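Down below is the structure, laid out as structure tokens.
Since the model is a prediction, treat every value here as computed from it, not as a measurement. For reference, positions follow the sequence shown, starting with 1.
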Amino acid sequence: MAATQAQRAALYASLVDSMGEEAADTLMDQLPPGGWDQMATKDDLAGVELRLRAAFTEAIAETNVKLAEGHSKLVESHGKLVESHGTLVESHASLLVAMHEGFAEAAKERAEIIKSQAKQLYVIVATIAAAAISIWIALFTGAAGS
């Protein structure tokens with residue numbers, strides 16, 4: 001049972017009468033302000049320790065579960081990313097092959113055009129040469145007959 005304020009005051013007055021004020025103050029300072037029933041015991045502290053350990057263990061377990069879930073999602077996302085990367089690489093390779101085939105076909109067509117133009121130029125030059133020769137022959141034969 002906790003001592004009331006009146007009981008504490010009466011105890012202090014009795015101590016002052018028997019020991020003096022300084023000794024009474026020192027002794028009263030050693031008493032808990034709310035009474036001994038308010039003081040925690042070793043058993044109280046052991047109970048608090050058990051509850052804290054249980055709470056920490058539960059919190060750590062919950063954290064580990066959440067970390068495992070996060071890790072699982074991260075691994076799943078990584079797998080999807082790797083799969084997407086493979087698809088992207090495959091698409092890129094197909095695009096490069098198509099581009100090179102297109103360039104090769106364009107070069108082949110260009111070569112055919114140049115070949116055709118060279119033939120036309122040969123015909124034009126040959127025609128001009130034949131015409132020039134005909135004109136010279138006509139000029140020389142006409143000059144010789146005059």
Side-chain angles (χ1 to χ4, degrees), residues 1-140:
M1 169 169 144
T4 65
Q5 191 61 26
Q7 289 171 328
R8 289 175 67 87
L11 176 63
Y12 179 71
S14 175
L15 289 172
V16 168
D17 288 343
S18 63
M19 301 172 65
E21 190 173 338
E22 186 176 338
D25 286 341
T26 302
L27 187 57
M28 290 300 288
D29 285 343
Q30 301 307 311
L31 296 176
W36 289 106
D37 61 335
Q38 297 296 315
M39 300 301 290
T41 66
K42 290 180 181 179
D43 289 340
D44 294 333
L45 293 177
V48 169
E49 179 185 13
L50 286 175
R51 289 190 304 273
L52 281 174
R53 283 182 188 270
F56 280 131
T57 301
E58 182 180 347
I60 289 170
E62 288 175 6
T63 302
N64 285 339
V65 166
K66 292 199 184 283
L67 284 173
E69 289 171 355
H71 183 260
S72 175
K73 288 178 183 177
L74 185 61
V75 167
E76 182 180 333
S77 296
H78 181 262
K80 288 178 181 177
L81 184 61
V82 167
E83 183 179 323
S84 296
H85 180 261
T87 302
L88 181 63
V89 167
E90 188 177 309
S91 296
H92 183 254
S94 296
L95 178 63
L96 286 177
V97 167
M99 284 175 54
H100 286 292
E101 287 173 352
F103 289 150
E105 186 64 32
K108 187 176 179 181
E109 288 174 6
R110 187 179 308 144
E112 290 295 323
I113 291 170
I114 291 171
K115 190 175 177 184
S116 172
Q117 288 175 342
K119 285 180 183 178
Q120 290 174 358
L121 183 60
Y122 175 76
V123 169
I124 291 171
V125 169
T127 303
I128 292 173
I133 291 173
S134 297
I135 292 171
W136 287 343
I137 291 175
L139 285 175
F140 287 128

Does Glu69 come within less than 4.0 Å of Lys73, counting only side-chain N to carboxylate O?
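Result for this pair is no, no salt bridge flagged.
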Check this for me: does any side-chain nitrogen of one of Lys66 and Glu62 sit under 4.0 Å from a carboxylate oxygen of the other?
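The answer is no: the pair does not qualify as a salt bridge.
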Gap between atom [atom2] of [Y] and atom [atom1] of [X] - 0.5 Å precision:
X: Leu50; Y: Leu45; atom1: CG; atom2: CG; answer: 11.0 Å
X: Leu88; Y: Leu81; atom1: CG; atom2: CG; answer: 10.0 Å
X: His71; Y: Glu76; atom1: NE2; atom2: CD; answer: 12.5 Å
X: Gln5; Y: Gln7; atom1: CD; atom2: CD; answer: 10.0 Å
X: Ile135; Y: Ile128; atom1: CD1; atom2: CD1; answer: 10.5 Å
X: Leu121; Y: Ser116; atom1: CG; atom2: OG; answer: 11.0 Å

Leu11 side chain near Leu31 side chain, heavy-atom distance below 4.5 Å:
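They are in contact (side-chain heavy atoms under 4.5 Å apart), so the answer is yes.
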Is any side-chain heavy atom of Tyr12 less than 4.5 Å from a side-chain heavy atom of Asp25?
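Answer yes - side chains close enough.
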Donor-acceptor contact below 3.5 Å, side chain Ser72 vs main chain Ala68
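No: the side chain of Ser72 does not pair with the backbone of Ala68.
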Give a yes or no on whether the backbone of Ala61 and the side-chain of Asn64 come within a donor-acceptor separation of less than 3.5 Å.
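Checked: no pair found.
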Closest heavy-atom pair and its distance - Arg8, Met28:
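Smallest interatomic distance, heavy atoms only, reads O-CE, 3.8 Å.
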Any idea which heavy atoms bring Met39 and Asp44 closest together, and the distance?
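The pair with the smallest heavy-atom distance is O-OD2, 4.1 Å.
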Side chains of Ser14 and Asp17 only: does a donor on one sit below 3.5 Å from an acceptor on the other?
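Ser14 vs Asp17: no donor-acceptor pair found between side chains.
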Name all pairs fulfilling the salt bridge (Lys or Arg N to Asp or Glu O under 4.0 Å) condition that reach into residues 95-112, sequence neighbours left out, sorted by first residue then second.
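Listed once each, the pairs would be none.
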